[in-house]
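Numbered from 1 within each chain, the chains take letters A, B, ... in sequence-line order.
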Amino acid sequence: MIEKKYYTVTDRATLELLVQHIKESEYIAYDTETNSLNVRKGKIIGFSVSGDEGIGFYMPTMVWDRNKEELVECEIDGHGCHALAKKTLSLLHGKKLIMHNASFDGRFTKNFYGEDLIPSLHADTALLVHTVKEEGAFGFGGKPFGLKEIAIMVQREIGLDIETKANEEQLILKENIKRNGGSITKTNYEIYKADLNILSEYAAADTDLTLRIFNHFSKVLIEENLVDFFYVDEVMPIYKEVTIPMEEFGVKVDLDLLQKTKIDIEADLLKHSKLVAEELLKIDDVRAWVIQTAVASYPCNNKGTYAQKLCDLESIDLPKSDKSNKYVLNKASLLTLPESAIKDFLISGDEKFLPQNTRLKVSLELWKEENEGKFFNIQSKDQLGKIAFDVLGVTPLSSTTKGKAQFDDDMIESISKDHPWAENLRVYNKLLKVKSTYVDRFFDRHEDGRYYFYFKQNGTVSGRYGSDMQQLPKPKEDGEAAPIIVHYNNVVRAFLIAEEGRILIDCDYESLEPHCFASVTGDENLREIFNKNHDFYSTVAIRTEKLEGVSADKKADNFLKKVDPVRRNRAKAYSLGIAYGMESFALSKTLDISQKEADVLVKGYLDGFPDLKRWREESRKFVKEHGYISNKVGRIRHLPSVKKIHDLMGDAILDWRARKDLEDQYGREQVTNVYRDYRNGLNNCLNYQLQSLAAAVVNRAAVAINRELIKRGIDGRVQAQVHDQLVVNVPEEYAHEVAEFVQDLMENTTKLEGVTLKAPPAIAKNFRDGH
DNA sequence: TAATCTCGCGCC
DNA sequence: AAAGGGCGCGAGATTA
C-alpha cells in the first residue's frame, strides 16, 4: 500500500514505487510537463500520474540547468530518464487513462516517446465537464475548462480548499520561474525553468486534481443520465477517433501557390493603396488637411524629435551621442555650427528663423513616418473618417457607441460610386483581410508544408467544434464581387491540398439545419418540402406570402427561384431567423422593408407552418418549467436563469407595461439585465435544439466514416469538419469507393424522423474545387 | 509592453 | 421597451 502523498521519481526505489502504483491502479490520471505548446516540436520534461486521490508521482525526464542555460536529461542510476520514462509509460497501455485535454498530452507523448496512449484514454475531464456543464467553470476567473477553474468550482464537492492553495502555488511557481531567469508571460510561460521540487509538487497535484474531478463528475454524469452519451454514442468516440486524428494529421499547404499569392497580393495591395492616396491627394482640401494635421501633431520645436528630424533633413553637421545616436543639441554643441538660419532657430527656438517650407517639411516628414511613409494611413478608420466627414462633408450613416461618426464597410460601400478612392479602398480592405488572415497565417505558421488547425470539442455550448477553420472564405462566383476580390477570395481554400497520390472527398450536407428543423418541429409542411425534393426557401416564401401560380418544384416552369428570385431570397433571410426568435423589427432591418411589412411576413410564416409555431411555444414552456432543454440525441443545454426568472415573475418581464412596475421594485438596470437573460434563454432553447442536433449528425457520421476506413483497411481519415461539411483524405485509387460510403454514412448514420438527409460527395484535389 | 476587451466582419 | 443563434479572427482601444 502506497502512502497518500506526492512523490518525485529521482531514484530507483521511487521509480519502483511508481511502477507498483501503476500496476495496482485501474483508473490513472496522466499529464505531461513540456517546454513548448507545440506537440510536434516540443520536449517532454516530465510526466505525472495519479491512480488514487491524494497520491501523485512526478517523474522528471529533463531539468533546467541554470549554469548551462539549457534542459538536460535526468538520470537514475546512470540510466537516461527518457528511456526509463518510455518504459514506464508503456505500462499505461490497457489502463483506463484520465487526462485533461488529452489531445495535447496524447499527441505529445506519441510524438516524443512513440507511445500512443489515446487508445487507452478512458475519459477527458475537460470534455466530461463540458458534457454536464456546457459553459464550464464560467465566472471562476479564467479559462472555463481550465483544470484549476473547474477544481475551484467544485472544491466543496471534492473536499479541497483549492482556491487559496492554487493561488499560493501559482505565486510560488511564478516567483521561482522568474528567479531562475524564466519568462512568465502568457504567451511564453517557461514552466520548465522552475526548480524541480516546486514543479514536481505542481505536476503531481494536477493529476491528483484530474482524478478527483473525474470521480466527482462521473457521479454527475450518472445523475444526468448521460453515461452512454459520453462514452458510447458521442463525446469520447468522437474525441478519440475523429478530433484527435484531425488535429494530428493537419492539412498540406500548397507552398508554391502560397508564395506566388503572397507576392501578388502584396503588389496589389500596394497598387490599391497608391490609387487611394493619389485620388485623395488630388483634392485640395485633403492636401490642406494633411498639412494641418501634420503640423498639429508635430509642431515646430527646437528640441526633441522635431529638432532631430530637422538636423537630419538639413544635414546639419552636429556630433551625435554614443548611446542614443541622436544629435547633441545643447548650447555648447550648437555654438560650434557655422552661422545659419537653422542655427539661429535651434538656439532661440523662434520659428521665425525657419523658412516656412522647411518648417512644414519637417512636420510632414514626421507625420509620414508615423504613417509608414504615406501622407495618411489608409488602414486608419480614424484618419479616413476625419477626411470623409470633416473634409469632404460626407454625411455619416451611423455612429459608434461613443458617438463618433462610423467609417465602416457600409460607409465605404455607400460612397464608392461617387468617390473612386472609396472603391479602391474597398478592394484594399478585402485584400488586406485575405492577406493578414490567411496568406500570412499559413505562410508563417506552416510546419514543413502542413498547417495544423485546431478542433476544440468543448468550444461551444452546442457540441459544434470551435475551430480556426470555420471561417475559411467560401468560393464566390464571377460577378459576385470585383474580379480581383473574387480571385483572392477563392484562392484561400486552394492553398489547402491533398498530398501527392491522395485525394479529398468533400461532402456537404444539403441544408442540414433546415432538415433538422423540419424533423424536430414535426411540421408536416416542412418535412414534405424535403420528401418531395422541393426547394426549401421557395416553399417557405409561397406558404408565408400565400403566393399563387408559382411552384417550389425545381423543375417546374413557374419555379419561384426562376420567376421571382427576390421573394425566395427574402425567405432565406427569415426562414431560420424567425424559428430562432427573430421579430419584425430585426427582419425589417435585414430586408430593408417597413416593420409593418415584416410583421406580415412573421405572422404569415408562423401561420403557414402551424406545427413550427407550436414547437416554439412548447420548447419555451419546457424551459420555463425545467430550466434546461435537450436535443433529440440527448445533449443538454442548461438555461437555469429562464426558470428562475419565470418562477419569480412569470412572463411579466416580457410585457413592457408590467416592466414599469418591476422597475420600481428592482431598479431599472436590474430589470434590463433580467429581460435580456430571459429573452436570450427563450431564443437559445430554440436555436440550440437544431444547431446541436446538426452537430451531432455530422460528428457521428465522421466517427462512422473513420471506422469504415479502418474496417476496409484503407489508409484514410476524416481530415476536417466545418459544421455541415466533412473532408475525407484518402489514396487516389479509393476515391470512388470511399465517396460512395461517405455519402451513405453521412445520410444514414443518424436518422432524423420524418426527413431523409442528403450529402452528395465531390472529389477534389483541394479544399476549393469540391464546392 | 502585454494582456484584455470591443467591434466589425467572416463562416455555418 | 426592445426586438434571431453559434462561433473565430484582426485591429484598435483600453487597462494593468
| field | A:Glu266 with A:Lys262: basic N within carboxylate O range, under 4.0 Å | value | yes
| message | Between the side chains of A:Glu423 and A:Arg426, is the shortest nitrogen-to-carboxylate-oxygen separation below 4.0 Å, so that they form an ion pair? | response |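 The answer is yes: the pair qualifies as a salt bridge.
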| task | Please measure how far the C1' atom in B:dC9 lies from the corresponding atom in C:dA1, and state the result in whole Å. | result | 29 Å
| Do any of residues 138-147 of chain A sit with a heavy atom less than 4.0 Å from DNA chain C, and if so which? |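 Under 4.0 Å from DNA chain C: no residue of residues 138-147 of chain A.
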| request: Using a cut-off of strictly less than 4.0 Å between a heavy atom of the residue and any atom of DNA chain C, enumerate the qualifying residues of residues 670-685 of chain A by number. | output: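 Only A:Tyr675, A:Asn680, A:Asn683, A:Asn684 qualify.
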| said: Going by the rule ring pair (Phe, Tyr, Trp, His ring centres under 6.0 Å), which residues pair with A:Tyr675 if we only count those two or more places apart in sequence or in a different chain? | reply: none
Without decimals, in angstroms, what is the distance between [X] [atom1] and [N] [atom2]?
X	N	atom1	atom2	result
A:Lys174	B:dA3	NZ	C1'	11 Å
A:His723	B:dC11	NE2	P	12 Å
A:Ile578	C:dG4	CD1	P	11 Å
A:Lys603	C:dA3	NZ	P	18 Å
A:Glu583	C:dG5	CD	P	11 Å
A:Asn489	B:dG10	CG	P	10 Å
A:Asp444	C:dG10	CG	C1'	14 Å
A:Glu134	C:dC7	CD	P	10 Å

Residues from [range] lying under 4.0 Å of DNA chain B - heavy atoms:
range	answer
residues 430-439 of chain A	A:Lys430, A:Lys433
residues 606-624 of chain A	none
residues 459-486 of chain A	A:Arg464, A:Gln470, A:Gln471, A:Leu472, A:Pro473, A:Lys474

| said: When you compare the side chains of A:Glu190 and A:Ser183, does any donor N or O come within less than 3.5 Å of an acceptor on the partner? | reply: no
| field | Check: A:Tyr605/A:Ser575 side-chain N/O donor and acceptor closer than 3.5 Å | value | no
| field | Close side-chain approach of A:Trp615 and A:Arg620, heavy atoms under 4.5 Å | value |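 A:Trp615 does not reach A:Arg620 side chain to side chain.
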| request: Answer whether the closest heavy-atom distance between the side chains of A:Arg616 and A:Lys613 falls below 4.5 Å. | output: no
Counting just side-chain N and O atoms, does [X] come under 4.0 Å of either OP1 or OP2 of [N]?
X	N	answer
A:Tyr454	C:dC7	no
A:Lys456	C:dC7	no
A:Thr185	B:dT1	no

| query | Does A:Ala579 have any side chain to side chain contact (heavy atoms under 4.5 Å, CB included) partners at least two apart in sequence or in another chain, and if so, which? | reply | A:Phe517, A:Leu612
| message | Using the side chain to side chain contact (heavy atoms under 4.5 Å, CB included) criterion, which residues pair with A:Glu618? Sequence neighbours excluded. | response |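 Partners of A:Glu618 under the side chain to side chain contact (heavy atoms under 4.5 Å, CB included) test: A:Arg614.
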| Can you say whether the rings of A:Phe442 and A:Phe453 are parallel (under 30°), tilted (30 to 60°) or perpendicular (over 60°)? |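 A:Phe442 and A:Phe453: perpendicular rings.
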| Between C:dG4, C:dA1, C:dG6, which nucleotide has the shortest distance from any of its atoms to the side chain of A:Gln691? | C:dG6
| query | Which of the following nucleotides, C:dC9, C:dG4, C:dG6, is nearest to the side chain of A:Arg441? | reply |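 In terms of side-chain proximity for A:Arg441, the closest of C:dC9, C:dG4, C:dG6 is C:dC9.
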| Summary of salt bridge (charged side-chain N to carboxylate O under 4.0 Å, His left out) pairs that have at least one residue in residues 573-592 of chain A, sequence neighbours excluded | A:Glu583-A:Arg679
| For residues 460-472 of chain A, which residue pairs qualify under salt bridge (charged side-chain N to carboxylate O under 4.0 Å, His left out), counting only residues two or more places apart or in two chains? |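 Matches after skipping sequence neighbours: A:Arg441-A:Asp468, A:Arg464-A:Glu513.
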| task | Using a 4.0 Å heavy-atom cut-off across all strands, classify A:Gln595 as base, sugar-phosphate, or nothing. | result | base
| Within the structure shown, what part of the strands sits under 4.0 Å from A:Ser584 by heavy-atom distance: base, sugar-phosphate, or nothing? |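 Counting heavy atoms under 4.0 Å across all strands, no contact is made by A:Ser584.
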| field | A:Phe530 and A:Phe536 aromatic centres sub-6.0 Å | value |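 Yes, ring centres under 6.0 Å apart.
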| said: With a 6.0 Å cut-off (strictly less than), is the heavy-atom count around CG of A:Leu654, excluding the residue itself, greater than 12? | reply: yes
| Would one find more than 12 heavy atoms of other residues, nucleotides or ligands at under 6.0 Å from atom CZ of A:Arg668? |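 Atom CZ in A:Arg668 is not packed in, count stays at 12 or less.
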With a 3.5 Å cut-off and sequence neighbours excluded, list the donor-acceptor pairs that the side chains of residues 130-144 of chain A form with protein atoms.
from     : atom 1 : to       : atom 2 : distance (Å)
A:His130 : NE2    : A:Thr460 : O      : 2.7
A:Thr131 : OG1    : A:Leu127 : O      : 2.7
A:Glu134 : OE1    : A:His638 : ND1    : 2.9
A:Glu134 : OE2    : A:His638 : N      : 2.6
A:Glu134 : OE2    : A:His638 : ND1    : 3.4
A:Glu135 : OE2    : A:Arg637 : NH1    : 3.1

| Ring-on-base stacking C:dG4 with A:Tyr580 (under 5.5 Å, under 30°) |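 A:Tyr580 ring does not meet the centre or angle cut-off for C:dG4; no stack.
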| remark: With sequence neighbours left out, the residues meeting salt bridge (charged side-chain N to carboxylate O under 4.0 Å, His left out) with A:Lys643 are A:Asp647
